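Encoded as structure tokens, the structure appears first; notes follow it.
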Amino acid sequence: MPSTTPVRGAPAPRTAVQHTFAELGTPLSDVTFVVVDLETTGGRVSDSGITEIGAVKVRGGEVLGELQSLVDPGRPVPAFVARLTGITTAMVATAPPLDLVLPSFLEFSRDAVLVAHNAPFDVGFLRAACEQLGYEWPGYRVVDTVPLARRVVTRDEARNHKLSTLAALFRATVTPEHRALADARATVDVLHGLLERLAPLGVTHLEDLATASDPVPPDVRRKRTLADGLPEAPGVYLFRGPGDEVLYVGTSTNLRKRVRSYFTAAEKRRRITEMLRIAHAVTPVVCATALEAQVRELRLIAEHEPRYNRRSKYPERQSWVRLTSEPYPRLSVVRQVRPDSAHIGPFSSRRTAQSAVEALQDAFPVRQCTARLARVSRVAGSPCALAGMGRCSAPCVATTAPDTAYDEVVHALRGALLGDPAAVVEPLAARVGALAAQERFEEAGRLTERLRAYLRGAARTQRLDPVARCAEIVAALPTPDGGWELVVVKHGRLAGTAVTGPDDDPLPVVDALRATAEVVEPATAPAPACHPEEADLVLDWLERPGVRLVHVSGPWSWPVRSAAMHVDLARVRAAVDGDGEIDRSVVGGALPTVVATMAPC
């Protein structure tokens with residue numbers, strides 16, 4: 001059974017006093033802490049047991065009592081744990097089981113604040129023990145000395161925040177030795193050292209400990225009043241600097257709640273903390289719907305190019321893969337979509353687009369030279385190494401007749417760009433499988449990344465192209481209160497939105513919305529007439545369950561065998577597994593067998 005040792009010199013019960021308003025709360029000198037440490041057979045609650053419990057009860061800097069006991073974990077102690085702690089299977093074989101030790105600890109720590117170094121570990125084992133033995137978890141207030149140390153102990157003072165390092169820093173009277181009671185005693189000294197450093201920072205009451213490890217700088221915390229007066233509604237918020245310049249743009253379904261979260265510990269981004277230091281005001285833009293807020297956010301970011309926003313600032317920097325329009329076409333990475341050419345994309349970076357190009361070049365013997373070739377050259381060129389390897393039919397040497405073999409390659413390549421990607425997926429999947437079988441995993445990984453880049457670009461094009469060509473789409477989504485959320489989309493761009501109440505007739509609102517919607521000039525398909533991410537947001541909304549199409553000006557369809565059915569690379573997995581069969585249930589759900597045409601309801 002555990003032994004509880006009372007300690008002499010415990011302070012007498014204190015007389016209750018009436019605190020002033022400035023002293024509301026529980027002074028730390030009046031708080032009873034139980035500092036606990038556990039030794040276990042492993043690091044996971046699911047397959048490990050407790051081998052030793054050590055605890056020290058302190059209040060006002062005085063030790064009130066100690067508890068220590070070995071525990072029979074009901075399993076052997078691993079050799080590496082025995083070497084670390086000195087606790088062997090033989091030592092715990094005659095120790096009391098957990099169902100005898102745990103009640104003593106729960107009584108010892110009753111009404112106290114639990115303290116531990118890396119508290120989630122110790123508290124996790126104690127909570128699991130209570131659940132296992134049928135005890136109700138007491139719901140302790142828990143103090144973890146690790147985040148407190150990170151708050152007040154710098155790297156200049158200590159190379160890390162391990163218990164042994166902190167014990168040496170604070171000159172603990174006991175050296176941690178991976179035994180429960182010794183480590184708990186060392187943690188007591190570390191706790192007192194940390195509380196001494198926290199006192200000048202205003203941490204003098206128990207309630208202050210809840211935010212003592214909060215990394216929010218005081219000058220940032222003081223600016224939380226910027227959220228005062230903001231509406232609790234969906235919309236966009238703009239942080240503005242001293243010159244009224246836009247520093248950051250964000251969106252939320254609750255503007256006031258979201259802006260307030262920037263001044264709490266939940267915000268950990270350094271650049272945002274820097275932004276908050278120079279922010280002077282927050283401008284809200286209330287929106288009728290969440291979709292409108294998301295779209296407005298994108299447009300405002302593209303318009304203002306705020307220095308603290310990272311995404312969606314430069315839509316013109318997105319890249320496309322283009323099959324050039326020339327006698328012997330080749331693949332090129334471009335910024336703009338041109339008419340009468342096959343494209344896939346857009347890609348977020350030129351490097352990703354180049355990876356897609358390499359995947360296509362791996363599958364097709366398309367020329368990689370950049371020279372512009374005549375249909376029939378007067379003077380034969382010099383074929384490159386690709387021709388010698390059979391990866392190009394060398395149209396540069398065609399002097400008597402056009403290279404019709406290259407025409408066939410281009411025709412198949414165009415089909416892979418605009419329709420069925422099987423001509424790329426199947427040979428590359430087979431190569432990945434062969435490389436994996438030869439244990440050339442790095443090469444297989446690089447080839448897989450190329451294939452993934454191509455498939456994502458092709459799938460995105462096949463998704464954007466139909467909506468970019470559609471002059472007008474009017475759709476409606478039922479709202480929780482029985483009304484309707486209405487949108488008008490033109491060439492992929494959100495041109496208008498409205499919300500009707502549960503008792504309103506939505507058709508007159510639809511007519512008014514169509515009449516007042518923004519005039520949108522079409523872009524060169526497959527590029528939408530807006531930021532590609534805006535078109536993605538609109539498509540996500542249109543594809544939500546329950547959306548009804550009110551009006552569509554033209555066909556809206558995807559290819560039957562589209563790139564989307566291959567995006568999860570199921571064929572690559574099958575090739576690596578060696579069975580060569582594809583489980584259709586894992587390829588994006590059921591594979592489409594008909595043209596996915598959306599018609600008005």
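Because the structure is a prediction, the values reported are computed rather than measured.
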*Check Arg155 against Asn160 and note the closest heavy-atom contact, atom names and distance.*
NH1-CA, 3.2 Å
*asked:* The test is side chain to side chain donor-acceptor pair (under 3.5 Å); show your working for Arg270 and Thr273 and say whether it passes.
replied: CA-CA 5 Å; Arg270 291 184 179 181; Thr273 301; over 6 Å; no
*N/O donor-acceptor pair under 3.5 Å between Arg367 side chain and Cys369 backbone*: yes
*Do Pro555 and Arg469 come close enough that some side-chain heavy atom pair is under 4.5 Å?*
no
*Do Ser355 and Thr352 meet the criterion of a side-chain donor-acceptor pair at a distance under 3.5 Å?*
no
*Between the side chain of His491 and the main-chain N/O of Ala468, is any donor-acceptor distance below 3.5 Å?*
yes
*Hey, does the side chain of Glu534 reach the backbone of Leu494 with a donor-acceptor pair shorter than 3.5 angstrom?*
yes
*Thr448 vs Leu451 side-chain heavy atoms within contact, under 4.5 Å*: no
*Would Val333 and Phe347 count as a side chain to side chain contact (heavy atoms under 4.5 Å, CB included) if you check the C-alpha gap in whole Å, the side-chain angles of each, and the deciding distance to 0.1 Å?*
CA-CA 10 Å; Val333 178; Phe347 297 89; over 6 Å; no
*asked:* Quick one: does any side-chain atom of His531 pair with a main-chain N or O of Glu533 as donor and acceptor, under 3.5 Å?
replied: yes
*Does Tyr328 reach the main-chain N or O of Asp403 with its side chain, forming a donor-acceptor pair under 3.5 Å?*
yes
*Identify the heavy atoms of Leu373 and Glu326 that sit nearest to each other, and give their distance.*
N-OE1, 4.3 Å
*Side chain proximity check, Leu255 to Pro231, heavy atoms < 4.5 angstrom*: yes
*asked:* I'd like to know if the side chain of Asp511 reaches the main chain of Pro508, judged simply by a donor and an acceptor atom lying under 3.5 Å from each other, with no hydrogens or angles considered.
replied: no
*Salt bridge check: are Glu521 and Arg493 linked by an N-O gap of less than 4.0 Å?*
no
*Do His343 and Thr461 have side-chain heavy atoms sitting under 4.5 Å apart?*
no
*Is Glu245 salt-bridged to Arg240, cutoff N-O under 4.0 Å?*
no
*For residues Tyr308 and Glu274, is any side-chain donor paired with an opposing acceptor at under 3.5 Å?*
yes
*Measure the spacing between CH2 of Trp556 and SG of Cys470 and express it to the nearest 0.5 Å.*
8.0 Å
*Taking atom types as modelled and ignoring hydrogens, do the side chains of Thr324 and Ser332 form a donor-acceptor contact shorter than 3.5 angstrom?*
no
*Taking 4.0 angstrom as the limit, do Glu449 and Arg446 come out as a salt bridge?*
no
*When rounded to the nearest 0.5 angstrom, what is the spacing between NZ in Lys490 and OG in Ser553?*
10.0 Å
*Before accepting this row, confirm whether a basic side-chain N of the pair Arg544/Asp540 lies closer than 4.0 Å to the acidic partner's carboxylate O.*
no
*Can you tell me if Arg335 and Ser319 form a side-chain donor-acceptor pair at under 3.5 Å?*
yes
*Hey, could you give me the CG/CD1 distance between Leu247 and Ile278, rounded to the nearest 0.5 Å?*
5.0 Å
*Indicate yes or no: at least one non-hydrogen side-chain atom of Arg452 is less than 4.5 angstrom from one of Leu569.*
yes
_CZ/Arg338: more than 12 non-hydrogen atoms of other groups inside 6.0 Å_ = no
*asked:* Whether the side chain of Glu292 engages the backbone of Ala288 through a donor-acceptor N/O pair (distance < 3.5 Å, no angle test) should be reported.
replied: yes
*Check step by step if side chain to side chain donor-acceptor pair (under 3.5 Å) holds for Thr479 and Asp481.*
CA-CA 5 Å; Thr479 59; Asp481 63 357; 2.5 Å; yes
*Quick one: are Val236 and Val249 in side-chain contact, heavy atoms under 4.5 Å?*
yes
*For Ala525 and Val337, work out which heavy atoms get closest and say how close.*
O-CG1, 3.6 Å
*Check step by step if side chain to side chain contact (heavy atoms under 4.5 Å, CB included) holds for Leu486 and Val510.*
CA-CA 7 Å; Leu486 308 171; Val510 169; 3.8 Å; yes
*Minimum-distance pair of heavy atoms, taken over all atoms of Pro427 and Ala422*: CD-O, 3.8 Å
*Side-chain donor or acceptor of Thr500 paired with backbone N/O of Trp484 under 3.5 Å*: yes
_Are Phe239 and Tyr262, when compared by the centres of their aromatic rings, separated by less than 6.0 Å?_
yes
*asked:* Does this structure show an ion pair linking Arg375 with Asp407, if we count only N-O contacts that are shorter than 4.0 Å?
replied: yes
*Determine the sole option in Val285, Ile301, Asp244 for which the side chain to side chain contact (heavy atoms under 4.5 Å, CB included) test with Leu238 is passed.*
Val285
*Flag, side chain of His566 to backbone of Ala564, donor-acceptor distance under 3.5 Å*: no
_Can you give me the closest heavy-atom contact between Ala227 and Arg260, atom names plus distance?_
CB-CG, 3.2 Å
*Please name the pair of heavy atoms, one in Arg456 and one in Val567, separated by the smallest distance, quoted to 0.1 Å.*
CG-CG1, 4.5 Å
*Roughly how far apart are Gln462 CD and Ser557 OG, rounded to 0.5 Å?*
11.0 Å
*Spacing of Tyr454 atom OH and Ile344 atom CD1 [to the nearest 0.5 Å]*: 6.5 Å
*Walk me through it: do Val538 and Leu542 pass the test side chain to side chain contact (heavy atoms under 4.5 Å, CB included)?*
CA-CA 6 Å; Val538 169; Leu542 291 172; 3.9 Å; yes
_Heavy-atom side-chain contact between Leu477 and Val487 under 4.5 Å_ = no
*Contact check, side chains of Leu360 and Leu413, non-hydrogen atoms, under 4.5 Å*: yes
*So, does Arg296 use its side chain to make a donor-acceptor pair with the main chain of Cys287 at under 3.5 Å?*
no
*Decide, yes or no, whether a salt bridge links Glu442 with Arg440 under the criterion of side-chain N to carboxylate O below 4.0 Å.*
no
_Check this for me: Glu439, atom CD, are more than 12 non-hydrogen atoms of other residues, nucleotides or ligands nearer than 6.0 Å?_
no
*Will you find, in the side chains of Gln336 and Trp320, an N or O donor that is under 3.5 Å from an N or O acceptor?*
no
_Atom pair CG/CD of Leu428 and Glu358 - distance to nearest 0.5 Å_ = 11.0 Å
*side chain to side chain contact (heavy atoms under 4.5 Å, CB included) between Val366 and Val410: does it pass, once the steps are laid out?*
CA-CA 7 Å; Val366 61; Val410 171; 5.6 Å; no
_Side-chain donor-acceptor pair present, Arg258, Ser261, cut-off under 3.5 Å_ = yes
_Residues Glu232 and Lys257 bridged, charged N to O under 4.0 Å_ = no
